[in-house]
Participant: 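Attaching a single structure in structure tokens format; questions to follow.
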There are 2 protein chains.
Amino acid sequence: MAAARVRSGGRPTLEEVAARAGVGRGTASRVINGSPRVSAQTREAVEAAVAELGYVPNRAARALAGNRTDAIALVVPESETRFFAEPYFSDIVRGVGAALADTEMQLLLTLAGNDRERRRLAQYLTAHRVDGVLLVSVHADDPLPDLLEQLGMPSVISGRRHAAETLPSVDSDNFEGARAAVDHLIARGRRSIATITGRLDVYGAQRRLDGYRKAVAAAGLDPDERLIAPADFSEEGGARAMRELLERRPDVDAVFAASDVMAAGARQVLRESGRRIPDDVALVGFDDSAVARHMDPPLTSVRQPIEEMGRTMTRVLLQEIANRSSGDGTEERPRIVLPTELVVRESS
Amino acid sequence: MAAARVRSGGRPTLEEVAARAGVGRGTASRVINGSPRVSAQTREAVEAAVAELGYVPNRAARALAGNRTDAIALVVPESETRFFAEPYFSDIVRGVGAALADTEMQLLLTLAGNDRERRRLAQYLTAHRVDGVLLVSVHADDPLPDLLEQLGMPSVISGRRHAAETLPSVDSDNFEGARAAVDHLIARGRRSIATITGRLDVYGAQRRLDGYRKAVAAAGLDPDERLIAPADFSEEGGARAMRELLERRPDVDAVFAASDVMAAGARQVLRESGRRIPDDVALVGFDDSAVARHMDPPLTSVRQPIEEMGRTMTRVLLQEIANRSSGDGTEERPRIVLPTELVVRESS
DNA sequence: ACAACTCTTGGGAGCGCTCCCAAGCGTACG
DNA sequence: CGTACGCTTGGGAGCGCTCCCAAGAGTTGT
């Protein structure tokens, strides 16, 4: 009746490890979870048993009993095809992966493009199927961040939605990056410096424009609004903006595009207008993507530390999760800004 | 004593749904899992309760009780930086995401670069923390696929390790793609057509070379081995190979590079040697990446249906998982080959 | 009218783990 | 020498769900 249940196949359980080590289940659990309240001798015995049996804890059981999942989600707005075109995504993932490498945390990838997927996502979160969320490339009007905040779900956002971002955030220094780019053009002797902006409802795009303005003003150049052409981060948008600029100010001698892709569009138009780069018009982009390296001429661009951002976001998130569970009420929301770097190539 | 336990906060459980619907836990479970053995009336009642309570099943509990995880892993060899540089990864992910959209399956992203991570990975699998695995960009000598096969873990591999791939696989038609590229060069009147290959221990690279050879032979051209330069998929390797080619056969009038990145390296060398593209030497790449579109001149390239591959891999995997659990012993290993497409631009 | 079936249904028995309480032991202190 | 505490330890009580068995209700056939 009370015969020991002998499990022949299958994965070993905590119970079996405990039996093998000659201790109780609770003690084995303590060792495996690194509790200090275990004698050295017992610890060794359990560790030996774990090694011999090749024990690996059952995640589902852990999650169920411990009311946590040991998993975080990376939420990617799939609709952002632009976003995907860059190595951005890969770099972020690499950074996240690196930061997670020493952890037991799993990385869940969630594409939230259409409404259908967003609904699923909301359910994930509602059901607490992850311990935290990394939000990447979120637009200002996205309801998700607020939803997460309401739910009290630890989250970190890449970039910001606006100046008063309430979520913990990790951003690159768009302002300084843009300023450095324009300063560089000024140092090269350019005087009529135009800019092609991204969608200005994206905070980063706004900041790049601010940086441009600041640099222009600081140099005492003419802050002609006709030198500012709004676009949408697309190649076609960049081309269109460049055409407008040439029409309004044919004397333009430098262009700072708020993305490499837009710069590529601008380059095309400049070429067609018979202008040489950089001889007639210097061109600088933003992102330092593959497009920049392979452009002809190679494009000077502002590099963002994407992988570093991924790593930092993850670290911040893990910290948030730890705070949350330890009931640490310190309500400081980290807002980290990472420096950018100007990579000078032949286009300027 | 037997007072109903009233749970005020927290997420609703199956038990609560059942109570609300006035049925038993088992019945509620049946409805939620779509069992047909429930009366229409009961089903409605339960569904109403689910809606009212906003019930979402607890994944961990499900996994624990059902001995499955409803999650699949996408295993990416992080060391493949080349791989990451392309939009390849993004496209695969998008395809996988699309195929998973109608499913309850979660996508786990696993970077398996160094040994440390591979060990973790082996543990994941050992502990059956996923229902299936998608392997992407695997080298011939990677031990992982065999390990998975031994463990009986449903898996699908992108590409193949060799001609006798044993795992279910989804590949693009490298052979036909290469042949089409070379045929196109021949149709353009080129006679001395060289090729720059990828690492030939990668099956796909070998197949592209085969396709090249086939096309050259079919056209009755001189199959001079000196027109074949091995490289390693890198830009620098492409440049080196191009130098060799020019040295051995200065009369070369076309080059088929087995990747866009290598083509970029070749282009550089061709330019430096004073040759014009395509006037003196036509150039064709493979992958149809961003590099191809932004090269000067824009590069003719062979497009692989990457997103489609991701979608197909996922479908195949889901099927494998279903077969496995239904005990369906049909041991046919799907091997799918998707067609490529030649995108003609100005370089040829 | 009764036996034999079929269709539904309820709920017990776990899944493997964490949490936590109480018990066992050893030691320091009055 | 007795009592109080601190450190370890064992194991019960769930976590929420699926599986499955047995019971109840309704049908059909003879």
Side-chain angles (χ1 to χ4, degrees), chain A residues 1-2 4-5 7 9-46 49-50 53 55-70 104 126-129 131 325-327, chain B residues 2 4-5 7 9-46 49-50 53-70 104 126-129 131 325:
Chain A
M1 213 121 228
R5 219 175 326 136
R7 320 185 72 251
R11 313 240 51 68
T13 70
L14 223 210
E15 194 89 48
E16 296 175 275
V17 170
R20 174 95 175 207
V23 302
R25 186 169 23 82
T27 304
S29 174
R30 255 166 246 133
V31 171
I32 284 159
N33 292 293
S35 160
R37 347 211 91 270
V38 184
S39 72
Q41 192 182 351
T42 305
R43 163 164 287 115
E44 268 174 44
V46 174
V50 165
L53 265 39
Y55 171 76
V56 180
N58 179 316
R59 260 191 130 76
R62 246 190 185 162
L64 182 57
N67 194 37
R68 69 202 156 99
T69 60
D70 286 345
E104 279 289 277
T126 308
H128 270 283
R129 296 213 274 232
D131 293 340
S325 63
S326 75
Chain B
R5 219 173 330 134
R7 319 185 73 252
R11 313 238 52 66
T13 69
L14 223 210
E15 193 89 47
E16 296 174 276
V17 170
R20 174 94 175 209
V23 303
R25 185 170 23 81
T27 304
S29 175
R30 255 166 247 134
V31 170
I32 283 158
N33 292 292
S35 159
R37 347 210 88 271
V38 184
S39 72
Q41 192 183 350
T42 305
R43 162 163 288 117
E44 267 174 44
V46 173
V50 165
L53 264 39
Y55 170 76
V56 179
N58 179 315
R59 246 174 198 275
R62 250 193 182 157
L64 183 57
N67 194 38
R68 69 204 155 100
T69 59
D70 286 344
E104 279 290 277
T126 308
H128 270 283
R129 296 212 273 231
D131 293 340
S325 64

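For the numbers below, each heavy atom of this structure counts, side chains included, while hydrogens, waters and symmetry mates do not.
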Participant: Would you name the heavy atoms of B:Tyr55 and B:Leu14 that are closest together and state the gap between them?
Facilitator: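 So the minimum-distance heavy-atom pair works out to CE1-N, 3.5 Å.
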Participant: Run the side-chain contact (heavy atoms from CB on, under 4.5 Å) test against B:Ala18 and tell me which residues pass, sequence neighbours left out.
Facilitator: B:Val23, B:Ala28
Participant: Once you round to the nearest 0.5 Å, how far does CZ of B:Arg59 lie from CZ of A:Arg59?
Facilitator: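 Going from CZ on B:Arg59 over to CZ on A:Arg59, the span is 13.0 Å.
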Participant: Within this structure, what is the CZ-to-C1' distance between A:Arg43 and D:dT8, rounded to whole angstrom?
Facilitator: 12 Å
Participant: side-chain contact (heavy atoms from CB on, under 4.5 Å) with A:Ala49: which residues, sequence neighbours excluded?
Facilitator: A:Val17, A:Arg20, A:Ala21
Participant: Give the rounded distance in Å between these two atoms: CG of A:Leu64 and C1' of C:dC15.
Facilitator: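 Rounding to the nearest Å, CG of A:Leu64 and C1' of C:dC15 are 9 Å apart.
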Participant: Which residue, A:Val56 or B:Thr27, contacts DNA chain C at a nucleotide closer to its 5' end, judged by nearest heavy atom?
Facilitator: B:Thr27
Participant: For B:Ser35, enumerate each residue passing the side chain to side chain donor-acceptor pair (under 3.5 Å) test, keeping only those at least two apart in sequence or located in another chain.
Facilitator: none
Participant: Give every pair of a protein N or O atom and an N or O atom of nucleotides 18-21 of chain C that lie under 3.5 Å apart, one pair per line with the distance.
Facilitator:
{"from": "C:dT18", "atom 1": "OP1", "to": "A:Asn33", "atom 2": "OD1", "distance (Å)": "3.3"}
{"from": "C:dT18", "atom 1": "OP1", "to": "A:Asn33", "atom 2": "ND2", "distance (Å)": "3.1"}
{"from": "C:dT18", "atom 1": "OP1", "to": "A:Arg62", "atom 2": "NE", "distance (Å)": "2.8"}
{"from": "C:dT18", "atom 1": "OP2", "to": "A:Ser29", "atom 2": "OG", "distance (Å)": "2.8"}
{"from": "C:dT18", "atom 1": "O4", "to": "A:Arg25", "atom 2": "NH1", "distance (Å)": "2.4"}
{"from": "C:dC20", "atom 1": "N4", "to": "A:Arg30", "atom 2": "NH2", "distance (Å)": "3.3"}

Participant: Return the value, rounded to whole Å, for the distance between atom CG of A:Asn67 and atom P of D:dC17.
Facilitator: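 Spelled out: CG on A:Asn67 to P on D:dC17 is 12 Å.
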Participant: Under 3.5 Å, which donor-acceptor pairs do the side chains of residues 60-70 of chain A form with other protein atoms, sequence neighbours left out?
Facilitator:
{"from": "A:Arg62", "atom 1": "NH2", "to": "A:Asn33", "atom 2": "OD1", "distance (Å)": "3.0"}
{"from": "A:Arg68", "atom 1": "NH1", "to": "A:Asp70", "atom 2": "OD1", "distance (Å)": "3.0"}
{"from": "A:Arg68", "atom 1": "NH1", "to": "A:Asp70", "atom 2": "OD2", "distance (Å)": "3.2"}
{"from": "A:Thr69", "atom 1": "OG1", "to": "A:Ala71", "atom 2": "N", "distance (Å)": "3.3"}
{"from": "A:Thr69", "atom 1": "OG1", "to": "A:Asp131", "atom 2": "N", "distance (Å)": "3.2"}
{"from": "A:Thr69", "atom 1": "OG1", "to": "A:Asp131", "atom 2": "OD1", "distance (Å)": "3.0"}

Participant: Take the C1' atoms of the five end pairs on each side of the helix from C:dA1-D:dT30 to C:dG30-D:dC1, get both axes, and report the angle to 10 degrees.
Facilitator: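 Axis-to-axis angle, ends of the helix: 50°.
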Participant: Would you kindly give the CG-to-P distance between B:Asn58 and C:dC15, to the nearest whole Å?
Facilitator: 18 Å
Participant: Can you list every salt bridge (charged side-chain N to carboxylate O under 4.0 Å, His left out) pair that touches residues 23-44 of chain A, not counting sequence neighbours?
Facilitator: A:Glu15-A:Arg25
Participant: For nucleotides 4-6 of chain C, list the nitrogen or oxygen atoms of the protein found under 3.5 Å from its nitrogen or oxygen atoms, one pair per line.
Facilitator:
none

Participant: Can you sort out which residues in residues 34-42 of chain B have a heavy atom within less than 4.0 Å of DNA chain D? Ascending by number, please.
Facilitator: none
